[in-house]
K.L.:
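Here it is, the structure in full.
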Amino acid sequence: MLDALPSIYGTQRLKFKPARGSGESGGAGFGTMFGMLVLEVVEGPDLGGMFPLPPDEPQLIGRSSEALPLSDPTISRRHAELTPDDGKWYLRDLESANGTFLNGRLLARRAELRKGDEIGCGATLFRIAEHATVVFSETVADRNFDTSAESIIVTSPHSLEAARNHLRMVHRLAAASAGTFDLTAILRHLVAILVDELKPDRCVGVLFDNENTIGTTVEATEKQINNNASAFSKAIIVYACKEQVSIRIPIVQEDLRFAHDDGVIKSGAKSVICAPLLAHGNVLGAILVEITSENRQWSEAEQELLSTACGHGGLALLTAFLAHNRMQHERLAAMGETVASISHSVKNMLQGLRSGAGAIDLALTRGDLDLAREGWPILSRNLDRVYSLTFNMLAWSRSTTFEVSLVQITPLIDDAVELVSGACGRKNVALHVHIDEDLPPVPIDNTSILQVFLNVLTNAIDATPELGGTVSIRVSIDEAYEYMQITVVDNGCGIDEKMREAVFKAFHTTKGQRGTGLGLAVAKKVVHEHGGTIGLFEVEGGGTRCVMTLPLNRDSDPGDTHGSPTLVQGGLF
């Protein structure tokens, strides 16, 4: 008969022995029995398994032959014992290797069990549950024939619908909390989801501050959500967080612990459930869900749903907190590296300024004009370096938008050439400029692109040899008339292919103490923000070619998928 019953999720057939005192004669069968306690496996390798707790038979949890049949290898051979005594059940740890936990706390002595208690052994989590037990009618003769054949059907409260509710809520919470470090925003999302799932009259979420006192509060109903919650029972929240378990109070006015609590009275709550926001033993806050009407009370299933939500919510909060702290540490580390790198450059510049100023001061004291002429180039050169470093730092850190306008490129190139002419003269570098005629204006930020030209030209001049250095600039338009191309070529030692990408990184320099590592990094940042490209290529015979492109039309269709041009050694491809 039992074999003909449909198999449903969360249902398992269990063996049952006749109750003591049943008659041994007559044909009367068993009727329906209620109130059977069972040990339900809610986590672990034997998930879904259930074991009845007969009122007069102790039960052994473990892997020995006389224990409950469990496959969890982390459970000791004789792990814990469940003992009935005068209608009550008691739990005792048998000096197991991993310990026995009752409602999340390590069991130190024999403890009385209640319905709904959770027992942790190894990787397995049990729950004490009460289920209706149905025994099908059989004759005494049948029972005497095989007393172990009588069976009952136990239906788990973990129905497929409950599993779907949990999965849906977890998915919503994960989607809402992903990518944010704002703890208040995560709490608001969690509270809003719980209002939608549980349909309470009010949901209050709290976060604790560094002193373990209630800091941030969020309140939500079906109609609105507020950052600051009105009156609520802090006593219930403190109790749930102190015990680190969810608490359900079907009728608050009948609970002696909280019936006269000022927060309960002011809020008008009639039925509440509360669960702490836990993550790896850390209590980050809590969620309090209230019903203010008389005709509804919270159920155990709703309490379990809230506990699940708070478990995932606590993990989301802790993850966001740790990620935010790590990002802050990385920012401080990057700031320290930046300061260290720039301080060396500034120190060298100040030494140069001091040397030049000292020479000029001595010349003025002596009235020696020739000595002043020797000191001035030192002073001028380091002033230029300070100017360049300052503008590069501003360009690198700038987050504002450019002031783009149509600009003729020829005057801009002329300004850049004039500004680097002093450096060319000091190093005897020949500078050649070739600009195609009738170039159209290009939409750029005038000041930013001038800084790019100065940075690229300065790097090219520094790379040239001491004798016979040459730098050439060429400006042209591509054949499709979409991009302006600016090419700067030097006859220096060139850049190794493996280093061509590294030189565009901030504070990476090949000039030793003479460089800041910001020149090409700023150039790449500005050019890319203008929708262009920049790249370095080898020149046959020695040297480096820097190719930059700037789009002629910044108002092109944003849906265009052609993208920026691809750079090759000769320029556009």
Side-chain angles (χ1 to χ4, degrees), residues 7-17 36-54 56-85 89-131 148 151-160 162-163 166-167 170 174 243-246 276 278-282 304 307-308 310-312 314-315 318-319:
S7 175
I8 62 173
Y9 178 84
T11 300
Q12 183 174 346
R13 185 179 306 163
L14 303 177
K15 299 300 181 181
F16 180 77
K17 294 184 178 181
M36 167 65 73
L37 289 179
V38 297
L39 193 63
E40 174 189 6
V41 181
V42 295
E43 287 183 17
D46 303 292
L47 178 65
M50 294 189 184
F51 305 95
L53 298 177
D56 56 351
E57 295 182 12
Q59 301 294 320
L60 177 65
I61 298 176
R63 291 183 291 106
S64 65
S65 57
E66 67 270 22
L68 300 177
L70 298 169
S71 59
D72 185 357
T74 62
I75 292 179
S76 300
R77 187 173 178 274
R78 295 177 60 84
H79 199 109
E81 183 182 45
L82 292 151
T83 308
D85 187 0
W89 280 89
Y90 293 87
L91 176 66
R92 181 169 63 95
D93 181 68
L94 300 178
E95 298 182 356
S96 58
N98 296 322
T100 301
F101 294 81
L102 179 60
N103 296 325
R105 293 189 171 186
L106 184 65
L107 190 66
R109 60 181 63 87
R110 185 171 182 255
E112 181 183 348
L113 295 175
R114 294 179 176 84
K115 185 178 67 174
D117 282 349
E118 293 184 343
I119 302 171
C121 298
T124 299
L125 183 66
F126 303 94
R127 179 177 293 136
I128 303 295
E130 184 178 17
H131 297 275
S148 64
S151 302
I152 58 173
I153 297 295
V154 180
T155 304
S156 169
H158 296 277
S159 64
L160 183 58
H166 286 215
L167 183 61
V170 170
E243 297 297 324
Q244 296 191 10
V245 293
S246 64
L278 286 170
H280 299 288
N282 299 295
E304 186 175 354
S307 298
T308 301
C310 287
H312 288 276
L315 289 174
L318 183 61
T319 301

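Just so it is clear, the structure is predicted and the values come from calculations on it, not from any experiment. Sequential numbering from 1 along the given sequence is applied to the chain's residues. For the numbers below, each heavy atom of this structure counts, side chains included, while hydrogens, waters and symmetry mates do not.
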K.L.:
Which atom names give the shortest non-hydrogen contact between R127 and G116, and what distance separates them?
P.N.:
CG-O, 4.1 Å
K.L.:
L91 and E112: side-chain contact (heavy atoms from CB on, under 4.5 Å), yes or no, with the steps?
P.N.:
CA-CA 6 Å; L91 176 66; E112 181 183 348; over 6 Å; no
K.L.:
Work out which heavy atom in W89 is nearest to a heavy atom in E57; give both atom names and the distance.
P.N.:
CH2-O, 3.2 Å
K.L.:
Could you tell me whether a side-chain N or O of H312 sits under 3.5 Å from a main-chain N or O of S307, the two making a donor and an acceptor?
P.N.:
no
K.L.:
Below 4.5 Å, heavy atoms only, C-beta onward: do L70 and F51 meet side chain to side chain?
P.N.:
yes
K.L.:
Can you see which heavy atom on P54 is nearest to which on Q59, and at what distance?
P.N.:
CD-NE2, 3.7 Å
K.L.:
For R110 and D85: C-alpha separation, side-chain torsions, deciding distance, then whether side-chain contact (heavy atoms from CB on, under 4.5 Å) applies.
P.N.:
CA-CA 12 Å; R110 185 171 182 255; D85 187 0; 4.0 Å; yes
K.L.:
For atom CD of E95, decide whether the heavy atoms of other residues, nucleotides or ligands shown that lie under 6.0 angstrom number more than 12.
P.N.:
no
K.L.:
Can you list the steps and then say if L113 with L102 is a side-chain contact (heavy atoms from CB on, under 4.5 Å)?
P.N.:
CA-CA 9 Å; L113 295 175; L102 179 60; 3.6 Å; yes
K.L.:
Any sub-3.5 Å donor-acceptor pair from N103's side-chain atoms to E118's backbone N or O?
P.N.:
yes
K.L.:
Between the side chain of D72 and the main-chain N/O of P45, is any donor-acceptor distance below 3.5 Å?
P.N.:
no
K.L.:
Quick check: closest heavy atoms across T74 and G122, and the distance to 0.1 Å?
P.N.:
OG1-CA, 3.3 Å
K.L.:
For the atom pair CD1 (I119) and CZ (F101), what is the distance rounded to the nearest 0.5 Å?
P.N.:
13.0 Å
K.L.:
Just to verify, what does E81 make a side-chain hydrogen bond (donor to acceptor under 3.5 Å, both in side chains) with, not counting sequence neighbours?
P.N.:
R92
K.L.:
Nearest 0.5 Å, what's the CG-CG distance between L68 and L53?
P.N.:
8.0 Å
K.L.:
Determine, step by step, whether R63 and H79 satisfy the side-chain contact (heavy atoms from CB on, under 4.5 Å) criterion, reporting the C-alpha distance in whole Å, the side-chain angles of both residues, the deciding distance to 0.1 Å, and the verdict.
P.N.:
CA-CA 8 Å; R63 291 183 291 106; H79 199 109; over 6 Å; no
K.L.:
Looking at every non-hydrogen atom in both residues, tell me the closest pair between L37 and I128 and how far apart they are.
P.N.:
CD2-CG2, 4.3 Å
K.L.:
Do the side chains of I61 and T100 get nearer than 4.5 Å, heavy atoms only?
P.N.:
no
K.L.:
Is the backbone N or O of L60 less than 3.5 Å from a side-chain atom of R78, with the two atoms forming a donor-acceptor pair by type?
P.N.:
no
K.L.:
Measuring from atom SG of C121 to atom CG of D93, what distance do you get when rounded to the nearest 0.5 angstrom?
P.N.:
7.5 Å
K.L.:
Looking at every heavy atom in both L278 and Q244, which two are closest together, and how far apart are they?
P.N.:
CD1-O, 3.8 Å
K.L.:
To the nearest 0.5 Å, how far apart are CG in L47 and CG in L125?
P.N.:
10.0 Å
K.L.:
What residues form a salt bridge (charged side-chain N to carboxylate O under 4.0 Å, His left out) with R77, not counting sequence neighbours?
P.N.:
none
